[in-house]
Number of protein chains: 2
Amino acid sequence: MANKVKFERENVIRVASQLFWEKGFTATSTRDLQEAINMRPGSIYAAFGSKEGLYSESLKDYTVQMKSQIDGFLANSDSVVGGLRAFVENVIIKTKDCSPSAICMLVKANSEFAEKDASLYELSLDLSAKFEAYLTTLFAQAIKNNELSSNLTALEYAQFFQVQFTGLRGYFNRPGVEQLAQPMINQMFDLIKKL
Amino acid sequence: MANKVKFERENVIRVASQLFWEKGFTATSTRDLQEAINMRPGSIYAAFGSKEGLYSESLKDYTVQMKSQIDGFLANSDSVVGGLRAFVENVIIKTKDCSPSAICMLVKANSEFAEKDASLYELSLDLSAKFEAYLTTLFAQAIKNNELSSNLTALEYAQFFQVQFTGLRGYFNRPGVEQLAQPMINQMFDLIKKL
DNA sequence: TTTGATTTTGAGCGACTGTTCAAGTTAAAA
DNA sequence: TTTTAACTTGAACAGTCGCTCAAAATCAAA
């Protein structure tokens, strides 16, 4: 054997993720990254292959973090819908100011790569599909628990949730509308229960 | 006097707008633009000052086009809500394949510039606010016409519309979900009428 | 036809891009 | 202690970026 890898891979990816999330893929230069993660080009390219490779890992890690965040709120809630509501409130209200962007990194990726960059476009589609599948299992559980009616399928609830959540995050990506967040989240969950 | 301006300014801006809309500001190079609008650097910089200047004009033109598109649908509809529904269906279903992106250029701008580039960030916020004000006048008319209840203010309807519309456009920015568009638009307008 | 202000051209500037790789450093194995 | 494979470093490469400006082209006015 030989020298161990000095940097902590997970931590590096998390820092890179923050930068990519804030600035987007194209607008983030490798020199920005070098400074943020404190690695020299050679090490970065040995570990991740390319800027695209590092972004790819960052985006994957982002979705993992988001899922585990939701799981956390679900564990501390007595209902699925309550857990999701706590998650939405946390993202839109509580962690708004310490987040690199109000807009979901996955949504930003979908927007930035649409039809262009083959590999990253495919990745963002794939991760989006997997997240929708995950949400669908949650809503299936909510229906099973009689938290929600069976008028809609679990997938339809998941779709409505995504549309509403993405729309709200986009809307609150501007200054001076903070006091509208809670009422609009209330409206969102009122609607979900009445669908 | 002297030589006349050869290019047609409006047309150039419209072509540039398509490119910026598709690729985003950062990922669009001045050489991409040169080719698309068939102008050499000197002419572009004489006419628009900078890449940022051309983008600025493009984004402004985009919102003008969007407004006049809505006005067109309103003129051909017997109700405000009907006109808005025709507009939404046109954007999400009918012109989806001939549009540079499924996502609103203004939303893309809000996402790309958030907290970063001062001037373009301000511009995108300003245009967003003006568009919301425009929408609010439309919903005020709809309430006045008894198309919608007075449970919500015109502004609240406008906010709900934007959240839903933006969310839907983001959701349909992926392949293979086309057949869901009409039902989800129906759901959106059912909800608006029941708010 | 000549004039002259205006517009267009495109070579090219300096800065920055993603990436490479030879040389240096590290620490487990011998 | 020496060896050696793994890892880190940072100068530097070729290409692209936004942009400039001297020279050429253009055309209304004289």
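Values reported hereafter were calculated over all heavy atoms of this structure, with side chains retained and with hydrogens, waters and symmetry mates removed. Throughout, a chain's letter reflects where its sequence line sits, starting with A, and its residues are numbered from 1. No experiment lies behind these values; they were computed from the predicted model shown.
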Round to a whole Å and report the spacing from [atom1] of [X] to [atom2] of [N].
X	N	atom1	atom2	answer
B:Tyr55	D:dC19	OH	P	15 Å
B:Asp32	D:dG15	CG	P	18 Å
B:Phe25	D:dC17	CZ	P	13 Å
A:Gln34	C:dG18	CD	P	9 Å
B:Ile37	C:dT8	CD1	P	11 Å
B:Met39	C:dT9	CE	P	8 Å
B:Ile44	D:dC17	CD1	P	13 Å
A:Arg31	C:dA15	CZ	P	14 Å

Requested in this report: Answer yes if the side chains of B:Ser29 and B:Asp32 hold a donor-acceptor pair under 3.5 Å, and no otherwise.
Outcome: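 Yes.
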
Requested in this report: Using only heavy-atom distances, determine whether the side chains of B:Tyr157 and B:Ser149 contain a donor-acceptor pair under 3.5 Å.
Outcome: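 Looking only at side-chain atoms, B:Ser149 and B:Tyr157 do form a donor-acceptor pair, the distance falling under 3.5 Å.
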
Which of these nucleotides, [options], is closest to any side-chain atom of [X]?
X	options	value
A:Arg40	C:dT19, D:dT9, D:dT20	D:dT9
B:Pro41	C:dT17, D:dG10, D:dC19	D:dC19
B:Ser43	D:dT9, C:dT8, D:dC19	C:dT8
B:Lys51	C:dT19, D:dG10, D:dG18	D:dG18

Query raised in the report: So, the side chain of A:Glu147 versus the backbone of A:Val80: is there a donor-acceptor pair under 3.5 Å, distance only?
Result: yes

Requested in this report: Determine yes or no for a side-chain-to-main-chain donor-acceptor pair under 3.5 angstrom, with A:Asp61 supplying the side chain and A:Ser58 the backbone.
Outcome: no

Query - Of all pairs that satisfy ring pair (Phe, Tyr, Trp, His ring centres under 6.0 Å), the ones with a partner from residues 91-110 of chain A, not counting sequence neighbours - result: none

Query raised in the report: Does A:Tyr45 put a side-chain nitrogen or oxygen below 4.0 Å from OP1 or OP2 of C:dT20?
Result: no

Query raised in the report: With a 4.0 Å cut-off on heavy atoms, is A:Ser29 in touch with a base, just the backbone sugar-phosphate, or nothing at all?
Result: sugar-phosphate

